[in-house]
Amino acid sequence: MPPGGILMRYSKAFIHTYYETPKEAETPSHVFLLRGCYIYPVAAGVYSLLPLGHRVAEKIKQIIREEMDAIDCLEITMPVLNPAELWKKTKRYFDIGPELFRFRDRRNREFVLAMTHEEVVTDIAKQFIKSYRDLPVTLYQIQTKIRDEARPRGGLLRVREFTMKDAYSFHPDFDDLDRFYPRMFNAYLRVFARCGLESIPIEAHSGIMGGTGSHEFMLPSEYGEDRFVTCSSCSYRANTEKAVGKKNMPQDDVSSVPPAERVSTPGVKTIADLKEFFNISSERFLKTVAYSADDQLVLAVIRGDFDISETKLATYLKAVRLELAPEEMLEKHGLYGGFLSPVGLPKNIRVVADDSVTAEIAFVAGGNEPDVHFKNVLYGRDFSVDEITDIAEVRDGDGCVQCGKGVLKIRRGIELGHTFKLGTKYTASDTMDVTYLDSGGKPQRVVMGCYGIGVERLMAAVVERWHDEAGIIWPITVAPYHVVIVPIGQKPDVMTLAEECYHRIGGKYDVIIDDRNESPGVKFKDADLLGFPIRVVVSQKLLQQGAVEIKVRKTGEVIICPTSELVERIEKVENQLLPNLTGLPFMDE
RNA sequence: CGGGGCGUAGCGCAGUCUGGUGAGCGCACCUGCCUUGGGAGCAGGGGGUCGGAGGUUCAAAUCCUCUCGCCCCGACCA
């Protein structure tokens, strides 16, 4: 705890709590942050942070700063307003959809509002990093990010304007990045732990960021919008966008399967229809879906008991845009929706199959003409596919590929942070082209990593993790005030003692004194709602015993403490409330 | 972008179906008195273009059309 806290009077603190839940709010963090006057909505997915919310955000930022500085990162500030030119260089101007705000200035020049800062920071690196002596270096900022999200939700959980800590590391080579990455990874674990959260690092999909490896740090929560799997017996943890499940491979006696046979199936199109029509289980069908990948037709084939992961497919195809193929595209290639199939397909059509289709069983597949299917279709005999990979959506209960014994469970979580090994995506010659001279005087390409934490989302996540029916339970490290002093009644001797306590504690802690002329119930309810970790009550009754009461919000523990020992007792409570940093799943540095 | 829900005082709501009473209730807010261990009491008071525009009607919060905003589910998503 930093020495010297601040003093605040409730009557001057701009706190206007609501007794009732605003109807727009559903998730606990949204409800309590609104009710506690921490935030105020401005537009969908756009919030003001009011004084209490601002204080919490600042405390989170300070923790982040300390951890970044501790691993030799340097803080900078980059602009939100970016020339489109820079974003065209890296092609992200074209690759990113409508979530990137684009507009023109008065001279008709194109600008964007930065959703991240790879372009700007890489431009800085290009200007100043000339020699191997300049490397490695990591720059970071805590800055506004703007994204026109399709659907903001859950209060602060997903918004369109927010504060992000984004760090960018520059390295002479991949080995150096690999050496640095665990330091950042571990710093992230410490940041979240210091904010009172036990995060679960998982293997993540790199998405449009590109790169060679990445982790997301998840807080399990039913209100989280990410899904990830955890293995019941090993350390495998991965986002469902990337997770691979072990597929069961049923087997028939292939030699006894009769030749493929044409079957008339008028109007039978879906797997559900087919199951009913043929009366066999879904794993015996081949599901074929037509996609338009950057305007090129691609057929994706998977066994009927799986679903296609469009994220995996897009990653495999390196496609920027992947959508279901429009009807006209099918017609152009002489294909029929509902009866698509890898069997008897014209050679010029690209097909990607999930490895589940190589099971040695008799399949039912589409006929590539209306109202026709084939049965007794065998992989290798009746059809084959050149491109076979994993494009299956992982399922709850799938086996673990890493250990081979465990079972994968799908969980929901809030993404607290994301670390990427970017590689040379932004330094390559066809993008920003950033090189340096090595000790032999030879030009080498700079290798990058990038690392983000959403500050407001982290604040909301803390509330999701730490609340009860009455309100927020701030971890002491991020609480807007550590201690609230509640005098009961307005009697002069009570007020005098309360003021005395206020000034004594205030030398070390952030303290707020509830100086309102309100009934005790009102003050207690507000203190609980607002979530101050330590409450000190001063009353006539206690005063006569020469005591005050300390109540711990988190545990409910009540300590009647001699007035003279107040500071010592609070220090003791504080020590119990400080987060524990041992036992985190650190990566070897 | 698809599906659903909601817009009446700062917050929560009733009134809308079936048009017509002076737009109401609770909380919050202001003034005074009083009170103080879990959302006190009494008295007085301020606050509304009923989301907006158009239409129907003698008459619209209420019926019709359009529109804007917000929330939830999904798609999408560093």
Side-chain angles (χ1 to χ4, degrees), chain A residues 15-27 30-31 34-35 37 40-47 92 95-100 114-118 145-155 157-160 162 164-168 204-211 214-217 223 225-227 239 241 310-311 314 320-324 415-420 422 425 449-454 457 470-471 486-491 494-495 498 514 516-529 535 537-543 548-549 551 556 558 560:
Chain A
I15 303 172
H16 307 272
T17 56
Y18 296 117
Y19 291 177
E20 280 171 294
T21 301
K23 67 170 183 296
E24 70 198 60
E26 261 175 43
T27 61
H30 195 190
V31 169
L34 280 173
R35 283 189 52 201
C37 197
Y40 183 72
V42 175
V46 183
Y47 287 87
R92 284 213 296 176
D95 293 350
I96 295 175
E99 58 269 28
L100 178 65
M115 32 198 290
T116 63
H117 281 82
E118 280 78 8
K145 296 282 180 287
I146 314 257
R147 296 176 187 177
D148 195 1
E149 293 288 350
R151 180 151 100 80
R153 69 181 96 189
L157 286 176
R158 185 170 202 79
V159 291
R160 297 195 296 169
F162 60 102
M164 178 187 251
K165 186 289 299 178
D166 45 327
Y168 306 87
H205 168 67
S206 311
I208 198 171
M209 297 302 301
S214 85
H215 289 89
E216 287 170 327
F217 294 76
Y223 294 103
E225 44 187 349
D226 276 87
R227 278 183 251 282
N239 195 300
E241 292 178 336
E310 296 189 359
T311 307
V320 174
R321 277 175 299 114
L322 184 75
E323 52 216 13
L324 288 175
E415 179 188 349
L416 302 173
H418 204 153
T419 56
F420 290 88
L422 273 180
K425 180 179 163 84
C450 76
Y451 320 90
I453 296 175
R457 180 185 283 179
V486 180
I488 290 175
Q490 298 280 309
K491 295 243 165 57
V494 169
M495 290 312 287
D514 195 342
R516 297 174 297 170
N517 183 13
E518 288 286 357
S519 68
V522 170
K523 293 182 177 183
F524 292 156
K525 291 287 185 189
D526 278 333
D528 288 347
L529 171 65
R535 187 183 82 187
V537 175
V538 181
S539 72
Q540 190 72 42
K541 189 179 77 189
L542 290 163
L543 190 143
V548 293
E549 173 196 291
K551 184 167 184 184
V558 173
I560 305 297

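What you see below is based on every heavy atom in this structure, not just the backbone, and it leaves out hydrogens, waters and symmetry mates. Everything numeric here is computed off the predicted structure, so don't read it as measured data. Labels below follow one simple rule: chain letters A, B, ... track the order of the sequence lines, proteins then strands, and each chain is numbered from 1.
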- request: Would you indicate what A:Gly417 reaches in the nucleic acid, counting non-hydrogen atoms under 4.0 angstrom: base, sugar-phosphate, or nothing?
  value: nothing

task: Provide, to the nearest angstrom, the distance between the NZ atom belonging to A:Lys525 and the C1' atom belonging to B:G37.
output: 12 Å

field: Modelled atom types, side-chain donor and acceptor of A:Tyr451 and A:His215, under 3.5 Å
entry: no

task: Looking at every strand, decide which applies to A:Ala25 at a 4.0 Å heavy-atom threshold: base, sugar-phosphate, or nothing.
output: nothing

- request: Quick one: sort the A:Phe420 and A:His418 rings into parallel, tilted or perpendicular, breaks at 30° and 60°.
  value: parallel

- line: Across every strand shown, the nucleotide meeting Watson-Crick or G-U wobble geometry with B:C11 (both distances under 3.5 Å) is B:G26

Complement of B:G46, any strand, by Watson-Crick or G-U distances under 3.5 angstrom: none

task: Please say whether the positively charged group of A:Arg535, taken as NZ for Lys or CZ for Arg, lies over the ring of A:Phe524, i.e. under 6.0 angstrom from the six-membered ring centre and within 45 degrees of the axis.
output: yes

message: Base contacts versus sugar-phosphate-only contacts with protein, heavy atoms under 4.0 Å: please encode nucleotides 5-14 of chain B as B, S and - from 5' to 3'.
response: -S---SBSS-

query: With a non-hydrogen cut-off below 4.0 angstrom, is A:Gln490 in contact with a base, only sugar-phosphate, or nothing?
result: base

query: How long is the line joining CG of A:Leu157 and C1' of B:C72, in whole Å?
result: 14 Å

- prompt: Looking across every strand, which nucleic acid part, if any, lies under 4.0 Å from A:Val537 by heavy atom: base, sugar-phosphate, or nothing?
  reply: base

query: Is A:Lys491 reaching over with its side chain to a backbone N or O of A:Gln540, donor-acceptor style, under 3.5 angstrom?
result: no

message: Between B:U35 and B:G41, how many Å separate the two P atoms, rounded to a whole number?
response: 15 Å

- request: Give A:Asp526 one of three labels, base, sugar-phosphate or nothing, depending on what nucleic acid heavy atoms sit under 4.0 Å from its own.
  value: base

- prompt: Is the phosphate of B:A40, meaning OP1 or OP2, less than 4.0 Å from a side-chain N or O of A:Ser519?
  reply: yes

- prompt: Of A:Ile488 and A:Asp226, whose closest RNA chain B nucleotide lies nearer the 5' terminus?
  reply: A:Ile488

message: Can you give me the closest heavy-atom contact between A:Met164 and A:Arg147, atom names plus distance?
response: CE-NH2, 3.8 Å

task: Using a 4.0 Å heavy-atom cut-off across all strands, classify A:Glu216 as base, sugar-phosphate, or nothing.
output: nothing

- prompt: If you round to the nearest 0.5 Å, how far is CG of A:Leu422 from SG of A:Cys450?
  reply: 4.0 Å

query: Between A:Arg35 and A:Met164, who's closer to the 5' end of RNA chain B by nearest nucleotide?
result: A:Arg35

- request: Under a 3.5 Å limit for both distances, which nucleotide forms a Watson-Crick or G-U wobble pair with B:C1, could you say?
  value: B:G74

- prompt: With a 4.5 Å limit on heavy-atom distance, are the side chains of A:Thr419 and A:Phe217 in contact?
  reply: yes

- request: Find the distance A:Asp528:CG to B:G37:P and express it as a whole number of Å.
  value: 16 Å

- request: Please work out if A:Arg535 contacts a base, only the sugar-phosphate, or nothing of the nucleic acid, heavy-atom cut-off 4.0 Å.
  value: base

message: Please determine whether side-chain hydrogen bond (donor to acceptor under 3.5 Å, both in side chains) holds for the pair A:His30 and A:Tyr47, giving the CA-CA distance in whole Å, both sets of side-chain angles, and the decisive distance to 0.1 Å.
response: CA-CA 11 Å; A:His30 195 190; A:Tyr47 287 87; 3.0 Å; yes

query: How close or far is atom C1' of B:C27 from atom CD of A:Glu518, stated in whole angstroms?
result: 13 Å

- request: Sticking with atom P, work out how far B:C42 lies from B:G47, rounded to a whole angstrom.
  value: 24 Å

message: Measuring from atom CG of A:Leu529 to atom OH of A:Tyr18, what distance do you get when rounded to the nearest 0.5 angstrom?
response: 12.0 Å

message: Quick check for you: among B:C71, B:U36, B:G38, whose closest atom lies nearest to any side-chain atom of A:Lys551?
response: B:G38

task: Check the distance between B:G37's P and A:Leu543's CG and give it to me in whole angstrom.
output: 14 Å

message: Looking at B:U16, which nucleotide sits across from it as a Watson-Crick or G-U wobble partner, both distances under 3.5 angstrom, or is there none?
response: none

statement: Taken to the nearest whole Å, CZ/A:Arg321 to P/B:C1 is 17 Å

- prompt: When the C1' atoms of B:A40 and B:C27 are considered, how many whole Å apart are they?
  reply: 14 Å

message: Both distances below 3.5 Å, Watson-Crick or wobble geometry, any strand: find the nucleotide opposite B:U36.
response: none

task: Rounded to whole angstrom, note down the C1' distance from B:G51 over to B:U62.
output: 16 Å

task: Determine the Euclidean distance between corresponding C1' atoms of B:U49 and B:A23; express it in Å to zero decimal places.
output: 13 Å

statement: By the Watson-Crick or G-U definition, both distances under 3.5 Å, B:C6 is matched with B:G69

- request: Measure from CG on A:Asn517 to P on B:A40 and round the result to the nearest Å.
  value: 12 Å

message: Checking side-chain polar atoms at under 3.5 Å, does A:Arg153 have a donor or acceptor matched by the opposite partner on A:Thr27?
response: no

- request: Sticking with atom C1', work out how far B:G3 lies from B:C13, rounded to a whole angstrom.
  value: 27 Å

Gap in Å between the two C1' atoms, one belonging to B:G45 and one to B:G4, rounded: 43 Å

message: Roughly how many Å apart are B:C6 and B:G44, using the C1' atom of each and rounding to a whole number?
response: 36 Å

Between the protein and nucleotides 73-75 of chain B, list the N/O to N/O atom pairs that are separated by less than 3.5 angstrom.
from	atom 1	to	atom 2	distance (Å)
B:C73	OP2	A:Arg151	NH1	3.4
B:C73	OP2	A:Arg151	NH2	2.8
B:C73	N4	A:Arg151	NE	3.4

field: Nearest-angstrom distance from the residue atom CD1 of A:Ile15 to C1' of B:C29
entry: 17 Å

query: Any salt bridge between A:Lys145 and A:Asp166, counting N to O under 4.0 Å?
result: yes

